[in-house]
K.L.:
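First the structure, then my questions, so here it is.
Letters A, B, ... are given to chains in the order of the sequence lines, protein chains preceding strands, and every chain is numbered from 1.
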Amino acid sequence: MMRLLRPLIITLGLLVIWQLVVWLTHAPRFILPGPLLVLETLFSQFPLLMKHAAVTLVEILLGLLLGTLLGLMSALSLVTWGSLRRWLLPVLVVSQAIPVFALAPVLMLWLGYGMASKVAMATLIIYFPVTAACFDGLRQTPAGYLQLARTLGASRRAQLLQIRLPAALPAFGSGLRVATSVAPIGAVVGEWVGSSTGLGYLMLNANARMQVDLMFAALLVLAVMALALYFSVNLIARRLTPWLSESTSSNFRGNSI
Amino acid sequence: MMRLLRPLIITLGLLVIWQLVVWLTHAPRFILPGPLLVLETLFSQFPLLMKHAAVTLVEILLGLLLGTLLGLMSALSLVTWGSLRRWLLPVLVVSQAIPVFALAPVLMLWLGYGMASKVAMATLIIYFPVTAACFDGLRQTPAGYLQLARTLGASRRAQLLQIRLPAALPAFGSGLRVATSVAPIGAVVGEWVGSSTGLGYLMLNANARMQVDLMFAALLVLAVMALALYFSVNLIARRLTPWLSESTSSNFRGNSI
Amino acid sequence: ADKVELLLDWFINPDHGPLIIAQQKGYFAEQGLDVSLVEPADPSMPPKLVAAGQADMAISYQPQLHLQVDQGLPLTRVGTLVATPLNSLVVLKDGPIKSIADLKGKKVGFSVSGFEDALLSAMLHKHGLKNDDIELVNVNWSLSPSVISGQVDAVIGAFRNFELNQMDIEGHPGRAFFVEEEGVPAYDELILVVNNAQLNDDRWPRVMTALEQATQYIVNHPEAAWATFISYKPDELNTELNRRAWRDTLTRFALRPAALDAGRYQRFGAFMQAQGLTKANPAVATYAISP
Amino acid sequence: MDIRLEQASLHWQHHCVFSELNLELPEGQWTSILGQSGVGKSSLLQLLCGIADDADIKGRILCSDGLPLQGRVAWMAQQDLLLPWLSVLDNVLLAARLQGNRLSPGEVERARYLLSQVQLADRAEARPDQLSGGQRQRVALARTLFQDQPLVCMDEPFSALDAITRLKLQDLAVQLLADRTVLMITHDPLEALRLSDRILVLQGHPARLSEAIEPSGSVPRAIDAPEVLHHQARLLKQLAQETI
Amino acid sequence: MDIRLEQASLHWQHHCVFSELNLELPEGQWTSILGQSGVGKSSLLQLLCGIADDADIKGRILCSDGLPLQGRVAWMAQQDLLLPWLSVLDNVLLAARLQGNRLSPGEVERARYLLSQVQLADRAEARPDQLSGGQRQRVALARTLFQDQPLVCMDEPFSALDAITRLKLQDLAVQLLADRTVLMITHDPLEALRLSDRILVLQGHPARLSEAIEPSGSVPRAIDAPEVLHHQARLLKQLAQETI
Ligand SMILES: Nc1ncnc2c1ncn2[C@@H]1O[C@H](COP(=O)(O)OP(=O)(O)OP(=O)(O)O)[C@@H](O)[C@H]1O
Ligand SMILES: Nc1ncnc2c1ncn2[C@@H]1O[C@H](COP(=O)(O)OP(=O)(O)OP(=O)(O)O)[C@@H](O)[C@H]1O
Ligand SMILES: [Mg+2]
Ligand SMILES: [Mg+2]
C-alpha cells in the first residue's frame, strides 16, 4: 500500500515545494513558472510533448546501450593489458575533460544533424563514468579469488570474465546507475547543439520564445523518463547481485529478541 | 625514467593522431584546426588563457569541494535514516535528471552572474555521482563487520563513521574520480550560460568570432587542468585505501618461480 | 527538382517569414527546387557547416560574415533576408537608463555573437564613454529575463522585433536604442551565404526569385501570410509573441533579396576593421555577390 | 549474573535450525557447545548476541539482574572479522575506538599487553592482510579479551592454531576470563573438557541440546586425567550417534 | 611424478620467512607439514602453487617428468575462497567452468557426488553465504577433490569440522586421493599421523624443515595404535621445543 502511495506523495510534495519556492522567491513566471501552470501546459501540449519525448527516449536508450557496452569493454581491456592501461588511462581522462559541446561541430561534421550525433553525445557522456566504475571494480578483485583461479588453470580471459567481472558487478551497478542518470543530459545536450526534434530541442525552442511553461513541462516529462529509467536499471542491478547483503535493510534491528 | 617520459610520449602521440585525423578527414581549419596552429595560438595567447584558466580552476575546485562534501553527507544521511532514503532517493534521481542547463537561468537569477552560480553548477553536476557512489559503497558493508560493531556497543554514528565509511572508501574513491572528471564540464557549462570570465566564456567568444584555434587552445588548457586534477585525486584516493590489493599490478605474474 | 539544404540561424521565427512562405506557397517548387530547412540551436554553426561543404546554404549575419571571411571561411553572401539591423540595446522602459550615457558603471548583458563589444564601443564612443566604463556579462539565451530581473542593466544583441515584444508580453516593457542611430553603420541583419566552391550554381538565383515572390506576397497580404506562416508548424508557431513579432518584422524584409549594396558592405567592413575585429577589409566582390 | 535462554527458535528462510531450545549459562562458568558442522552452533551464538539479522527468531533471554543482555556480550565470530583498514593494534582496540572517546594510554597499553600475550607484539603495526590465518585468529581473540563484558561468546576461537600455541592461549583465556560467564563453541572434545565447567552437545534436526556434562576439578584440566578421557569417549560416542 | 623444491626462499617485505629450504614430495605419497602459527606454512604452499604474488621468492621447482609444475597443482587455501555469486554446486564445478567449455553431464554428476560425500547434497543450490563455517570448508574440499591434478596442496582442510565429520572426510580424502601426491598443512599431529606417509615440521626464524617422520602401515591409520601415539608424543615435544 505504502509502496504504491509513496511515489504519489513524493510527487505531490515536490510540487508543493516548487509552488512555495515560486511564492517565496517571487520568481517571475518567465524564469520559474508555478507547477499548476506547467501541469496545465503539460496536458494541453501532451501530444507535442510525447512526439518529442519518443525521439529523446530512443536516443537515451541507444546512448545508454552503446556507452555501457563501450565502457565495459574499455574497462575490461584496461584491466587485461597493463601496458595499455598506463598509456590509455590518461587519454580517457583527457577525453572526458573535453566538453562534448566543443566537439559538437566536429560530430555534426561527421555524423550529420540526425539521430546519430545525439546518440554519440549520450554515449560520450555515459562512457567515462561507466568505464571508471567498471575499471575500479575490476581492479579491486580480492587477490585470493584470482590466486585460486590461477591454480585452477583459468586463462586470462576466464579470469576476467568469470572472476573479475562478477566480482565487479556491484561497482558496475553503481556505474550504471550514474550513467542512467547522466544519459538524459547527454541526449538533451546533443539536441541542443543541433536537431529539430526531441525534448531538448523543444526546451530550447520554448525557452527562446519565452514559453517557459512549455519548457518546464518538457523538463517534467524528461524527469519522469529519467526516473523510470533509473529505477528499472536499479532493479536490474540488484537482480544481478543477489549475494550482496544490502545491509541497510536489516541495518539497525539489533533489538529483535 | 619511463614514468617521466610516458606523459610526454602520450601527449606527442595524441597530437600526431589529431594531425592525422585532420589530414584524413580533410576537416577544414575552422572546424578542427591542426595541433600546430593550436599550439602556436596557445603560446601567443598564453597570458589571456591563463587569466581565464585561473577563474575556471577556482570554480572547479570550489565545486569539487562542495559537491563532494554535500554528496558524502547526503549518502551518509541516506544510509543512516532508512525512511529518509525511501523518500529522498527518488527526489535525488529526479534532481539529477533535470539538466543543469535548464536550471541555469534560475540559478543565475538567484546567484547572479558571478562565480557563485558557476560553483553551484559544478557542485550540482558532481553531486549525484558522488552521492550515488558513496551510497552504494556505504550500503554494501560486509554484514559481519556491522554485526561485530553492534556487539562492541557501537552507536549508529560510530558504525557509520568507523565501519561503513572506511569500508566504502574504495567506492568513494571511484565516485570522486568520476566527479573530478565531470567537474570541469559543470564549470564550463556554467560559464556558457552566463559569465564574463573563465575558459568557457573564452571558448564561447572565440567560437563566435570563428577563432577556432583559440577555442581549441582553451580546450587544451582545460584538458591539462582536468588531467592534473584527476591524477591528484587518484593519488589521494589510493593513499586512502592502502589495504586494497590493486590486483592488476601483480595480476598475471604467475611464472615468477 | 534540385535539392537545397538550407540551415537557419535559429529556431523558426518571423525573421524567416519569406523562407517559410516560399516553402508553403510552393514558390520554391515552382523554381524546381526542393528546399529543406534545418533549425540549429547554435547560430555560429550553420556557416561553418556550409563552409565545410556539409550543407548548401546558411543564414548568417552580416557582421558575422566579415568575421568569417577574415578567418578564411570560404563563404559568399548571395542574398539578404532582412535588410536593416534588428540588433538593439534594450533597457527597461521605466528603468533608470534614459540614454546610453547613463550606462556608465553598469552591467550590460549579451548573447555571445562575437561582435557586440564592437557595436557597443561604437555606441558608447558616441556618448563619450569607453568600453571599460561598463561591465560586459554573457547571459547567453536569457537576454530579456536577465534585464527584466535586474541581473543586468541593459542587453545588447536583443532583436527589436522580438525581445521588445517579449518584454511587453511579460509586463515589463523595454526601450530599445537602435544601433544604426547610435553610431554604428547600417548593415543587413540576416543574409544567405553559400560556399565559394558553388558560387556559380544556378540554384541561388532561383532561390532569390522565390524569396522575392514570397516577400511580395507578405507585403501584399500580411494577414494571409501570417496564416500561411503558422501553417508550417501550427502547434509551435501560433503564439502571441510570434504574432506581434510578425507585425514588426514585415517592414524589414528585403524587398529585393538578391540586390547587393556594395558600398554598405564596404563601409561596415571598414567599421569592423577599425574596431579591431578583422585584420583587413577585402573587396566586397570577394565575399558578396548578387547571383 | 546467570543468563537463561528460553524457548528460543531460529529459522533461516523456512529452514528450521532449532526451536523451543532452552539454555542456561550460570554465572562465572565456562560452558562449551559441541556439535556437528552445520547443526546450528554459530546461529545460536548469533541469537544470544542479538545479531542474527536475517533469521526469524523467537524466544526470550533472561539475565538474573533483570537487565537486558543486549550490549553486554563479547562476540568472537567464526571468521575473524578483522577490519582491513585498521592496524592489528587498532583492531584490538576496536571496542574502545568505537566508543568514540580518545584512547587512553591505559587502553593502548592493555591492547599491547594482550597482543604480546597472543605472541604478536611485533606485528602490532601490521595490516591484517599481512598476517597468517592463525595470527588473524589470535588478533580476534585479543580483541575479544580486550572487551570487558560479563558474557563472552567465542566461536571456535582456537581452530586455526597449532597444538602448542593453542594450549598457551587456552591458559591465557582461562586466566583472563576467570570470573566471566563464557560460552565457547569448539569441535575438539578435549579442548572443551580441558576448559569448561559444563559441556553441551547440540544435535538433531531441529537441533536440541543434550544434558550437560560437568567434569569435576578446576580448569584448565590435564588432558590425560582419567576422568577427562572417560568423558571424551562418552562425548565422541554421543557425537557419533546421530551422524546420518 | 616426484616434486622437488630446491633452495627456496621467501620474503614478505624484507621479512624473511624462510631461505634455502629444500622439500621433497615423492610421487603418490601424502606429506604433512606441522608448525607453529605464522611460521610460514601457508607461504610455502603458495610458493609451490606459484601464487605468492606479493612476496620476493627464489628457488627452483623440479618435477621428475621434466615439465613445469605450474598448472598441475590443486590448491585448497586456508580461507575457503568460495565465490559468493556462484551456487555451492557451481563453486565445486569452478575448475570446469573456468575451462570455458560447456559443462558435461558427467562433470555435474561428479560434483554432485562429491557434494553428497561431504554431506551437502541438499545444499547444492544454496549460496555460500547461507552456509555455516564448516559447510563452507567442506565445499572448498569438494572443489579441490573435483580437480584432477597430480599434486594436491591443502591448507588446514579439516580445521573447522567436528570430530566425526572430520574422520569421515579424512577417509574420503584418502580414498579419492589414493594415487596423488598430497601436501597437507595441519595443526593436529594425530591427523597428520593418521593420514600421512611423511610428516615434516616447519620451525624457526627463518624457518627450516625438520627430518621427516615416516610412520609405518597403511593409511588411514588407527589413531590409538601404539606407534601413532609414540610419534604423537615425539611430534608434540618437537613442536614445543622452539616456542619462545
Ligand atoms: N601478504 C603478506 N604480507 C606480509 N607478510 C605476510 C603476508 N602473508 C603472510 N605474512 C607473514 O609471513 C609469515 C608466515 O605466514 P604464513 O601465512 O605462511 O604462516 P602459517 O605458517 O601459514 O601460519 P598459520 O598456521 O597461522 O596459518 C607470518 O609471519 C605472516 O605475518
Ligand atoms: N545466512 C544464512 N542463510 C541461510 N541459512 C543459513 C545462514 N547461516 C547459516 N545457515 C544454515 O543454518 C544452519 C546452521 O548454521 P550454523 O552456522 O549455525 O552452523 P554451525 O553449527 O556453526 O556449523 P559449523 O560448525 O560448520 O560452523 C546450516 O545448515 C546453515 O546452512
Ligand atoms: Mg559455526
Ligand atoms: Mg597458514
K.L.:
Could you pull out every donor-acceptor pair under 3.5 Å between chain A and chain E?
P.N.:
residue, atom, partner, partner atom, Å
A:Gln147, NE2, E:Ile51, O, 2.8
A:Arg150, NH1, E:Asp53, OD1, 3.2
A:Arg150, NH1, E:Asp53, OD2, 2.8
A:Arg150, NH2, E:Gly50, O, 3.0
A:Arg150, NH2, E:Asp53, OD1, 2.9
A:Leu152, O, E:Gln99, NE2, 3.1
A:Gln162, NE2, E:Arg97, O, 2.8

K.L.:
Which atoms of E:Leu82 come close to chain A, meaning under 4.5 Å heavy atom to heavy atom: side chain ones, backbone ones, both, or neither?
P.N.:
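It is the backbone, since no side chain atom gets that close.
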K.L.:
Is A:Ile163 in contact with chain E via its backbone, its side chain, both, or neither, using a 4.5 Å heavy-atom distance?
P.N.:
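Backbone plus side chain of A:Ile163, per the 4.5 Å heavy-atom cut-off to chain E.
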K.L.:
Side-chain atoms of residues 72-79 of chain A: list all donor-acceptor pairs with protein atoms under 3.5 Å, sequence neighbours left out, distances to 0.1 Å.
P.N.:
residue, atom, partner, partner atom, Å
A:Ser74, OG, A:Leu70, O, 2.7
A:Ser74, OG, A:Tyr127, OH, 2.5
A:Ser77, OG, A:Met73, O, 2.6

K.L.:
Give the minimum heavy-atom separation between E:Leu81 and A:Gly144, together with the two atoms involved.
P.N.:
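Nearest pair, atom of E:Leu81 first, then A:Gly144: CD1-O, 3.5 Å.
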K.L.:
Sort E:Ala95 into side chain, backbone, both or neither according to what part of it lies under 4.5 angstrom from a heavy atom of chain A.
P.N.:
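E:Ala95 touches chain A through backbone and side-chain heavy atoms alike.
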